[in-house]
Amino acid sequence: MGGEDKTTRSIHWFRKGLRVHDNPALVDACADATAVQPIFVLDPWFLTPSRVGANRVRFLLQSLTDLDASLRARGSSLLVLRGDPKAVVPAALRAWGCDRLTHEVDTEPYASARDAAVRDAAKRVGAEVKTFASHTLYDMERLLSKCPKGAPPTSYASFLKIAGSCGAVAKPAPPPPASMPGSPDGKSHVELVAMIEDVVSSAEVGVPTLEELGYPELPDDEGFPARGGETEGLDRLRRMLSRKTWIAEFQKPMTSPTSLWAVVGADGKTQKPANPFEAASKASKSKTVGAEAFLAPSTTALSPYLKFGCVSPRTFYHELKDVLNDAKGKHSAPPVSLEGQLLWREFYYLAAFGTPNYHKMEGNPICRQIPWTWDEERLAAWEEGRTGFPWIDACMHQLRQEGWLHHLARHAVACFLTRGDLFVHWEAGAKVFDRDLVDADPALNYGNWMWLSCSCFFYQYFRVYGPVSFGKKYDKDGTFIRKYLPVLKDMPAKYIYEPWTAPADVQKKAGCVIGVDYPPPIVDHAVASKECIEKLAVAYKAHKDGTNPLVGYKRKAGE
DNA sequence: GAAGGGTTGCACCT
DNA sequence: AGGTGCAACCCTTC
């Protein structure tokens, strides 16, 4: 476009997509450019403990540090700015004399509104904005254009047809130049931030510490037991893909929600930690495990890397396909296979992209209107892991400690909070997950909460997960409970899922007296689940009849 | 309108 | 380990 004498100076704006590989926007920033400045804009107002848990923030900060190192290896570097991106990005374009802004497409409502505002402001300062869809396998605009009446499918089979009509998944983009253009006029980070001092909230330019963001210290051997970043993510991806038989035979519903983080050797065989009651995370960054091993639950634990874009879904997809092709047709298939998991992610991204008010019940056209309660006592007991059901509470403690839960454990606690037992609004549970999960992703999170609460996608409300039976099926001895709920570590296996049934002397001997050391069950599951099913039946009938089940419904107490 | 299928329920049966 | 009854949902296809 530009004349021959025109020189291009670019800003590449990282948000998600925290990677160098398969980053078409970063490659474009470098094309015909004399200067490229990669930036990440931290909004300290948004990044606070009430919105984002410490585990996810640490994962983000580790990812930023890794990204900076990768960029430095190419002669560039990541400038981490503080402030409102809507003000910071346009100001930087103008102050640094940049005429091109590149970034990845982000389809979340908050992000797309923000990006639209930045796009307008960039135009006013004479910069072109170039965006690329690389966070998903397919371009959501294109997928949505294939949907009948512009409405995303609510069934997976229908989704597969639509995806199939969009052709092959695009190959990953080529890497950026081994030697990237330097900063504008060769200026340092400190000099660059000084030029926009009126719009940044701090003159700091590096990756912050947790403390700087108002979080308590999180020791290395606590929390989510894997480091964030592209380097770690690609390493994990390839080690997982090297377990070829495991990959080919993978069936998600067959994986266990009670498996502890275990050392996975280079041979691909999972080995149990020497002592399952030791915090397995201690081994994660230590040398004792060795450079050729890492920790994993019964699944890949790649979701946080996909959430932040440390690992490209397209890279994942194509490298996975190569492994499956080697298996010569003898492998599992969607929806249960690993490929199926990547496609579930697309399914939810499309639903979120094409559905107004996707994140809530009211005004959401795909969401069943159900008169959930906002019972604060029940919600707090669930959130804080003191429902009196050890399996449920252990899961909630794992969520708190690690920011992680197996998919089926998420099902168990989500069903319990909503349609299974407590009849509390799914939005309340989704908010907790949104804060605490390392891999929290609104499209997947809100979609799954609608699924589990029988608000959309899944409607067999009479299939209720048992807060006693479900965990027991996988872990008869309660090893998972003993790890995450140490108050019950000495309870005999016979009673560990229902400690209130243990005789008084057994409780005393185990050091866990019900009502003193651990609460009695918050509900009688047999009674509560029956009542929930009846309420769902009434709400479904009202939906069929076209009557409004929410007449007189109070969204929250006091409203 | 009926039939078939739906990533991942439970309890009880063989 | 695999099959069935439970009471019966929805969406898609025919």
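Since we're looking at a predicted model, the values are computed, not measured. To find a chain, count down the sequence lines: A is the first, B the second, and so on, and within it residues start at 1.
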Hey, can you pull the residues of residues 520-534 of chain A with a non-hydrogen atom under 4.0 angstrom from DNA chain C? none
Please determine, by modelled atom types, if A/Y484 and A/E402 share a side-chain donor-acceptor pair under 3.5 angstrom. yes
Tell me whether the side-chain N/O atoms of A/K544 come closer than 4.0 Å to OP1 or OP2 in C/dC11. no
Tabulated below should be each protein N or O lying under 3.5 Å from an N or O of nucleotides 10-14 of chain B; please produce it.
residue, atom, partner, partner atom, Å
B/dC10, OP1, A/G466, N, 2.7
B/dC10, OP1, A/S469, OG, 3.2
B/dC10, OP2, A/K473, NZ, 3.2

Return each pair, listed once, that meets side-chain hydrogen bond (donor to acceptor under 3.5 Å, both in side chains) where at least one residue sits in residues 332-352 of chain A; pairs must be two or more places apart or across chains. A/H135-A/R345, A/H135-A/Y349, A/K252-A/Q341, A/K321-A/E339, A/Y348-A/N448, A/Y349-A/D441
Just jot down the ring pair (Phe, Tyr, Trp, His ring centres under 6.0 Å) partners of A/F353, sequence neighbours excluded, or say none. none
Which dot-bracket string describes DNA chain C (Watson-Crick N1-N3 plus N6-O4 or O6-N4, or G-U N1-O2 and O6-N3, all under 3.5 Å; [ ] crossing; | other strand)? ||||||..||||||
Are A/W382 and A/F389 close enough that their ring centres sit under 6.0 Å apart? no
Members of residues 335-346 of chain A that approach DNA chain C, where some heavy atom sits under 4.0 Å away: none
Got a sec, which residues hit salt bridge (Lys or Arg N to Asp or Glu O under 4.0 Å) with A/K171, two or more places apart in sequence or on another chain? none
Can you give the donor-acceptor pairs under 3.5 Å from side chains of residues 459-474 of chain A to other protein atoms, not counting sequence neighbours?
residue, atom, partner, partner atom, Å
A/Y459, OH, A/F457, N, 3.2
A/Y465, OH, A/H411, ND1, 2.9

Pairs satisfying ring pair (Phe, Tyr, Trp, His ring centres under 6.0 Å), at least one member in residues 428-447 of chain A, at least two apart: A/F433-A/W449
A/R419 near the nucleic acid: base, sugar-phosphate alone, or nothing, with a heavy-atom cut-off under 4.0 Å? nothing
Under the salt bridge (Lys or Arg N to Asp or Glu O under 4.0 Å) rule, collect the residues that match up with A/D326, sequence neighbours excluded. A/K244
Hey, is the side chain of A/T154 poking within less than 4.0 Å of OP1 or OP2 on C/dC11, counting only N and O atoms? no
Nucleic acid contacts of residues 409-417 of chain A, taken as heavy-atom distances under 4.0 Å to DNA chain C: none
Salt bridge (Lys or Arg N to Asp or Glu O under 4.0 Å) filter on A/D106, not counting sequence neighbours, yields A/K16
